[in-house]
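Data first, discussion second: the structure below is written as structure tokens.
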Amino acid sequence: MREKRALTDRERRFGPDAPKVRSFSLDPIRVTDSQLRKRGPLLPVPVHVLPLIFANRATGRWLLGFAELRAARDANVVTHILPSVAAALRAGGVVRSCPHPTLRTAKRLQKRTEELVELQLTSKLPPMPATTSVKAALQSAAPIAPIQVQGWVRTRRDSKDFSFIELNDGSCLRNLQIIAKNTLPNYAAVQHLITGASITVRGALVASQGKGQSWEIVADEIEIVGASDDTYPLQKKGHTPEFLREIAHLRPRSNLFGAVFRVRSRLAFAIHQFFQERGFVYVHTPIITGSDCEGAGELFRVTAIDPKNPPRRPDGAIDYAQDFFARSTFLTVSGQLEAEAFACALSKVYTFGPTFRAENSNTSRHANEFWMIEPEMAFTDLRGNMDVAEEIVKYLIRDIRQHCAEDLELFAKFVDKELLARLDFVMERPFQRITYTEAVEFLTKSGEKFEFPVAYGANLQSEHERWLTEKHFKCPVTVFDYPKEIKPFYMRLNDDGKTVTAMDVLVPGIGEIVGGSQREERLEVLEENMRRHKMDPADYKWYLDLRRYGTVPHSGFGLGFERMLMFVTGVSNIRDVIPFARTPGSAEF
RNA sequence: UCCAGAGUAGCUCAGUGGUAGAGCGGUCGGCUGUUAACCGAUUGGUCGUAGGUUCGAAUCCUACCUCUGGAGCCA
């Protein structure tokens with residue numbers, strides 16, 4: 001018996017043999033019954049005719065039209081098309097399907113039916129003029145004509161017979177100078193271009209007659225894609241980062257933030273490159289997690305419970321056993337525990353993703369949503385761990401130094417004059433490694449007057465860390481072997497019974513950038529640690545299993561992505577290295 | 001959360017009890033292969049909000065809001 005299959009929308013509309021129209025990103029029309037009811041009767045066109053909307057990029061107008069499809073073997077071919085549509089396509093127009101033509105559009109279309117002409121269009125449509133990035137144009141070795149560039153107007157200046165337009169498309173820091181002569185048909189409109197407007201420029205890339213840039217484009221055509229007006233908040237002059245934070249949706253259009261986010265992208269790439277080159281496996285640890293075991297700070301609860309009518313336990317507390325996951329769940333504060341599981345299988349792994357802390361922290365170094373890199377390595381002790389931490393910090397600096405030189409120069413000029421010298425210094429010199437005990441001794445002997453006293457057994461204060469990195473050693477310092485009392489349960493107990501194999505990498509200006517440890521691999525010791533931290537080992541059965549079956553010494557650390565980015569760029573506020581920062585009382589955009 | 005500081009034009013700021021200002025931006029005009037262009041004119045305000053003191057408050061007092069810096073928590 002023949003299998004009966006429901007017809008797809010497309011088949012229903014165009015017949016079972018209708019070709020798929022994929023050759024130039026056309027989606028077949030989908031029309032549902034509900035859309036029909038809402039929008040009225042459908043366009044009465046033959047089944048093999050596909051209504052389309054054509055956008056003419058030259059004029060910015062949308063054209064209604066339709067294309068006739070040649071069925072069967074030569075599928076994916078548009079054979080007939082309205083002349084006006086063909087013209088639009090030749091000029092580099094975009095084609096989209098007209099999702100639900102109504103009777104009204106039908107009438108307009110029917111009037112044009114007679115205009116339908118045959119067009120030699122196979123799957124090769126006239127290519128859209130390729131857009132050259134500003135970066136590529138500026139780096140060109142020879143004149144280019146014709147050339148098309150697209151971007152946003154940074155500023156415009158008038159000269160006697162023409163206008164200078166500074167065009168930026170974010171591909172690099174620098175702008176491309178456009179010469180807009182007064183012979184352009186829309187010169188009057190061009191003269192009203194204001195900072196923020198978007199344009200498409202077609203013309204010729206030629207050697208610049210002026211100083212300050214080697215290339216410029218003499219425009220044959222300037223298409224105003226999107227105008228701007230005098231309410232556009234960005235000026236060509238400098239703005240404070242505080243003001244730009246309030247317009248986070250526009251700030252990437254500024255020099256500073258464009259540079260920051262280009263570097264952010266490159267830094268993320270370099271992180272993957274570092275680990276992939278070394279045989280690490282990238283693990284996606286869960287973002288919604290049930291483990292609240294790290295003591296890494298306050299958690300954001302994830303719940304589907306109706307806040308107006310939550311299920312209650314007999315004692316009146318909300319019963320999260322009736323919640324979506326049948327338990328309490330939170331946004332992750334760390335993927336470490338899960339990464340450990342994968343390290344104990346794939347040997348070397350890393351995570352790189354968002355983490356969340358519900359701390360009410362109001363500092364330039366804390367955000368409630370941030371990205372963290374967490375490598376985890378089997379058969380690796382604390383020393384190996386410190387080696388990798390130091391290596392990656394240096395690797396990332398070197399990579400950014402090499403690939404984002406222009407952006408770094410901007411930071412060195414306007415954000416932090418000593419940036420480049422510091423980066424080079426960190427890259428070249430070994431990090432200072434001292435135990436916590438030695439650090440306390442250095443601090444006690446320093447003679448420095450600290451607001452908070454230095455005492456063995458207490459956490460190092462920001463001012464202490466700063467003294468070590470900025471005043472004493474003047475380089476990154478790795479402090480290790482901390483008292484067990486001030487560190488989490490999973491860190492390996494040293495033979496002295498007093499300290500654990502923790503390590504923090506402190507860098508000048510930022511403070512802690514890496515925090516890690518060798519993990520406790522001995523089942524009994526780990527259970528004892530848990531009890532000491534008032535945790536019930538029964539709640540962490542899966543984590544303890546890693547020690548129960550084939551346990552290995554292993555180590556890992558967390559590297560704060562944004563902190564690294566701050567260090568590399570010299571930007572002093574974490575809110576300025578996150579596209580849309582989440583901080584207490586602030587989650588706009 | 002705690003401790004400081006700040007909120008005046010679109011932006012950066014001056015104005016400390018007596019008629020709300022400057023520079024930049026925008027607009028108009030001039031000049032000009034300019035480049036944070038230049039010259040002239042012009043536009044632009046609920047002085048964070050709400051109370052209070054005073055003949056009179058941007059200015060003094062109180063509360064609140066927002067932002068910034070620092071601390072704690074950490075990455």
Side-chain angles (χ1 to χ4, degrees), chain A residues 154-167 174-181 191-192 194-196 206-213 216 218 228-247 250 254-255 294-298 333-336 354-374 389 414 450-452 458-466 486-488 504-507 510-516 557-567 572-577 583-586 588:
Chain A
R154 279 296 176 79
T155 176
R156 190 189 53 78
R157 297 178 290 278
D158 278 332
S159 190
K160 192 174 180 186
D161 298 323
F162 50 88
S163 244
F164 294 104
I165 298 171
E166 296 279 333
L167 189 74
R174 281 182 297 159
N175 303 325
L176 181 59
Q177 179 162 286
I178 311 294
I179 309 296
K181 289 185 179 161
Q191 278 197 303
H192 283 91
I194 206 173
T195 308
V206 300
S208 177
Q209 293 175 30
K211 290 167 191 166
Q213 63 281 317
E216 64 190 15
V218 177
S228 182
D229 64 41
D230 59 5
T231 60
Y232 185 67
L234 289 169
Q235 301 172 9
K236 86 179 108 172
K237 298 223 170 195
H239 287 292
T240 61
E242 289 79 16
F243 168 67
L244 291 167
R245 255 172 239 161
E246 294 169 19
I247 47 167
L250 296 174
S254 67
N255 283 340
E294 252 232 84
E298 296 293 316
V333 293
S334 163
Q336 180 200 315
T355 49
F356 308 87
R357 305 279 162 88
E359 300 285 350
N360 188 9
S361 299
N362 290 294
T363 84
S364 55
R365 304 180 309 283
H366 292 87
N368 297 298
E369 178 180 323
F370 63 98
W371 283 53
M372 193 153 62
I373 302 111
E374 295 180 290
F414 293 111
F450 293 113
E451 193 190 336
F452 294 92
N459 271 310
L460 296 179
Q461 303 286 319
S462 286
E463 54 173 345
H464 303 152
E465 296 177 354
R466 207 170 299 134
I486 56 173
K487 289 291 176 184
D504 288 348
V505 177
L506 314 175
V507 295
I510 314 264
E512 186 181 336
I513 197 168
V514 168
F557 59 84
L559 167 65
F561 180 59
E562 281 82 6
R563 293 218 177 145
M564 189 66 211
L565 188 53
M566 289 164 75
F567 187 70
S572 60
N573 196 310
I574 198 166
R575 297 172 185 96
D576 295 335
V577 298
T583 50
S586 173
E588 212 190 334

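Note on naming: letters A, B, ... go to the chains in the order of the sequence lines (proteins, then strands), and numbering restarts at 1 for each one. Being a predicted model, the structure only gives us computed values, none of them experimental. The figures that follow rest on heavy atoms only: side chains count, while hydrogens, waters and symmetry mates do not.
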ask   = According to a strict under-4.0 Å criterion, is A/Thr240 in side-chain N/O contact with OP1 or OP2 of B/U12?
value = yes
query = At under 4.0 Å between heavy atoms, what does A/Glu242 touch on the DNA or RNA strands: base, sugar-phosphate, or nothing?
reply = sugar-phosphate
query = A/Asn362 side chain N/O closer than 4.0 Å to the phosphate oxygens (OP1, OP2) of B/C73?
reply = no
inquiry  = Does B/C38 have OP1 or OP2 under 4.0 Å away from a side-chain N or O of A/Arg157?
reply    = no
ask   = Can you tell which of B/C73, B/G33, B/A75 lies closest to the side chain of A/Gln177?
value = B/G33
remark   = For nucleotides 41-46 of chain B, 5' to 3', base contacts (B), sugar-phosphate-only contacts (S) and non-contacts (-) with protein non-hydrogen atoms under 4.0 Å give ------
task = Respond yes when some side-chain nitrogen or oxygen of A/Arg156 is under 4.0 Å from OP1 or OP2 of B/G25, and no when none is.
result = no
key: Phosphate-side-chain proximity, A/Ser462 and B/G72, N/O vs OP1/OP2 below 4.0 Å   = yes
query = Between A/Asn459 (CG) and B/A71 (P), how many Å, whole number?
reply = 14 Å
message = Check this one for me: any side-chain N or O of A/Ser364 less than 4.0 Å away from OP1 or OP2 of B/U68?
response = no
query = In Watson-Crick or G-U wobble terms, both distances under 3.5 Å, what is the partner of B/C64?
reply = B/G48
key: Short side-chain N/O contact to B/G69 OP1/OP2 from A/Arg575, under 4.0 Å   = yes
Nearest-nucleotide pick for A/Asn573, side chain only, options being B/C73, B/G26, B/U68 = B/U68
request  = Starting from the 5' end of RNA chain B, give me the residue, A/Gln235 or A/His192, whose nearest nucleotide shows up first.
outcome  = A/Gln235
query = Within the structure, does a side-chain N or O atom of A/Arg245 lie under 4.0 Å from either OP1 or OP2 of B/U68?
reply = yes
